[in-house]
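Have a look at the structure below before the remarks.
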Protein chains: 2
Amino acid sequence: MKEDNSLEEVKEIFSDYLTKKKHRKTPERFAILEHIYTHRGHFDAEMLYNMMQEDYRVSLATIYNTLDLLLDCSLILKHPFVGQTAQFEKTFGTGFHHHLVCSKCGSVKEFSDMKIRRTLQAKKFASFETTHYSLYLYGICSKCRKEMNSKKNK
Amino acid sequence: MKEDNSLEEVKEIFSDYLTKKKHRKTPERFAILEHIYTHRGHFDAEMLYNMMQEDYRVSLATIYNTLDLLLDCSLILKHPFVGQTAQFEKTFGTGFHHHLVCSKCGSVKEFSDMKIRRTLQAKKFASFETTHYSLYLYGICSKCRKEMNSKKNK
DNA sequence: TTTGTTGCAAAACGTTTGCAGCCTC
DNA sequence: GAGGCTGCAAACGTTTTGCAACAAA
């Protein structure tokens, strides 16, 4: 699947969703979707706002509004990181991955592990229909580990 | 391990931690710890504050301060649920468990799975020191599933 | 034409901070 | 007695809301 196709595909999904829910297809909404899908990695509302100021001006309120819609139709996901601002990520074309979160500096790295993935996907419940999962490993990244060690030696 | 012993044990851990870090052993800190460990389930700062008003008055600021200390010595953990307020949970005497979160009604259930636990604990990184992990499975709980089915049949 | 959506600014919310007085150590 | 800790209230940063103007259907 090519990047370009992915963008068109995603716009269509959003369009269908808006139609189904009887929401309006405003240029702002599609501009926001487009910026998200031509951007790499995680982002929060303000990063998206700043990024968009250059070529398509929208208000923060509209960004929050649209993020809710995109969440509802699963075109983005909201990360439950412990911290100040809500982090988002697009869901199409990113491949599967888990997250490493540094408890010290809050940095987030991604990793993939097939064994973990298989183990989790195999899990079934009688009275719960799993749609997706999120796995976060917390700890200290190498950068912070170095800083802590050098402080200790003082 | 009995509940009563667990409380004493936990107080000792906290006491040792405070000594080691050269922090003071104030009555407020131990009162907060005690309330947390005689309470079941998840809680947030304000719930704890309201709960404590009855028999030991502390300020919200002190609660936040103490929660940070308890996090630092791993007597509680902070849940990265998607949402407004930070959720905490005690770490001793609760057994290990993962979480099922219903995307429809937001209810949270716990489950245990040794295979998953072992797989995740076995994972090691060269440049990341893992301290803990959190796993959340999202989906639709049986109650919401029934509601959705009965709506569809109308 | 209707009514959902936008931008703006103000409000709300959880959390953090500054500071005077208190109480461990 | 010194300095960390507390309570209070004000400040902070993110997200939500109220409202008038606008534009999609």
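As the structure is a computational prediction, the values presented were derived from the model and not from experiment. Proteins come first, then strands; the chains are lettered A, B, ... in the order of their sequence lines, and each starts at number 1.
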For nucleotides 20-25 of chain D, just jot down a letter per nucleotide in 5' to 3' order: B, S or -, based on protein non-hydrogen atoms under 4.0 Å. ---BBS

Its contact letters, B for base, S for sugar-phosphate only and - for none at protein heavy atoms under 4.0 Å, make nucleotides 14-19 of chain C read SSBB--

In whole angstroms, the gap separating C1' of D/dA2 from NZ of B/Lys22 amounts to 16 Å

Have B/Ser112 and B/Glu110 got a donor and an acceptor in their side chains that come within less than 3.5 Å? no

In whole Å, I'd like the distance from the CD atom of B/Glu28 to the P atom of D/dT6. 5 Å

It should be established whether B/Thr62 places a side-chain nitrogen or oxygen under 4.0 Å from OP1 or OP2 of nucleotide D/dG7. yes

To the nearest angstrom, how far is B/Leu18 atom CG from C/dC23 atom C1'? 15 Å

Distance in angstrom units between A/Leu48 CG and D/dT15 C1', rounded: 15 Å

Could you check how far NZ of A/Lys21 sits from P of C/dT3, rounded to whole Å? 21 Å

Taking the side chain as every heavy atom from C-beta outward, state whether B/Asn50 and B/Phe43 have any atom pair closer than 4.5 Å. no

Check the distance between C/dT6's C1' and A/Tyr56's OH and give it to me in whole angstrom. 10 Å

Would you find more than 12 non-hydrogen atoms of other residues, nucleotides or ligands less than 6.0 Å from A/Lys123 atom NZ? yes

Quick one: does B/Leu137's side chain get under 4.5 Å of B/His98's, heavy atoms only? no

Send over the distance from A/Leu69 CG to C/dT6 C1', rounded to a whole Å. 13 Å

Atom pair distance, as rounded to whole Å: OH in B/Tyr49 and P in D/dT6: 14 Å

Looking at side-chain heavy atoms only, is the closest gap between B/Tyr64 and B/Leu60 below 4.5 Å? yes

Rounded to the nearest 0.5 Å, what separation is found between the CG atom of B/Leu69 and the CZ atom of B/Phe14? 5.0 Å

Any side-chain N or O of B/Arg57 less than 4.0 Å from the OP1 or OP2 oxygen of D/dT6? no

Is it the case that more than 12 heavy atoms not belonging to B/Lys115 sit under 6.0 Å from its NZ atom? no

Please determine if a side-chain N or O atom of A/Asn65 lies less than 4.0 Å away from the OP1 or OP2 oxygen of C/dT5. no

A/Arg57 vs A/Tyr49 side-chain heavy atoms within contact, under 4.5 Å: yes

Where does the angle between the aromatic ring planes of B/His99 and B/His79 fall among parallel (under 30°), tilted (30 to 60°) and perpendicular (over 60°)? perpendicular

Minimum side-chain heavy-atom gap B/Val58-B/Thr66 below 4.5 Å: no

Overall bend of the helix from C/dT1-D/dA25 to C/dC25-D/dG1 (five pairs an end, 10° steps) is 40°

Of the listed nucleotides D/dG7, D/dC5, C/dT6, the one nearest the side chain of A/Arg29: C/dT6

For B/Glu28, which of B/Leu33, B/Ile63, B/Thr62 qualifies under side-chain contact (heavy atoms from CB on, under 4.5 Å)? B/Thr62

Just how far is it from atom NE2 of A/His97 to atom CZ of A/Phe111, taken to the nearest 0.5 Å? 10.0 Å

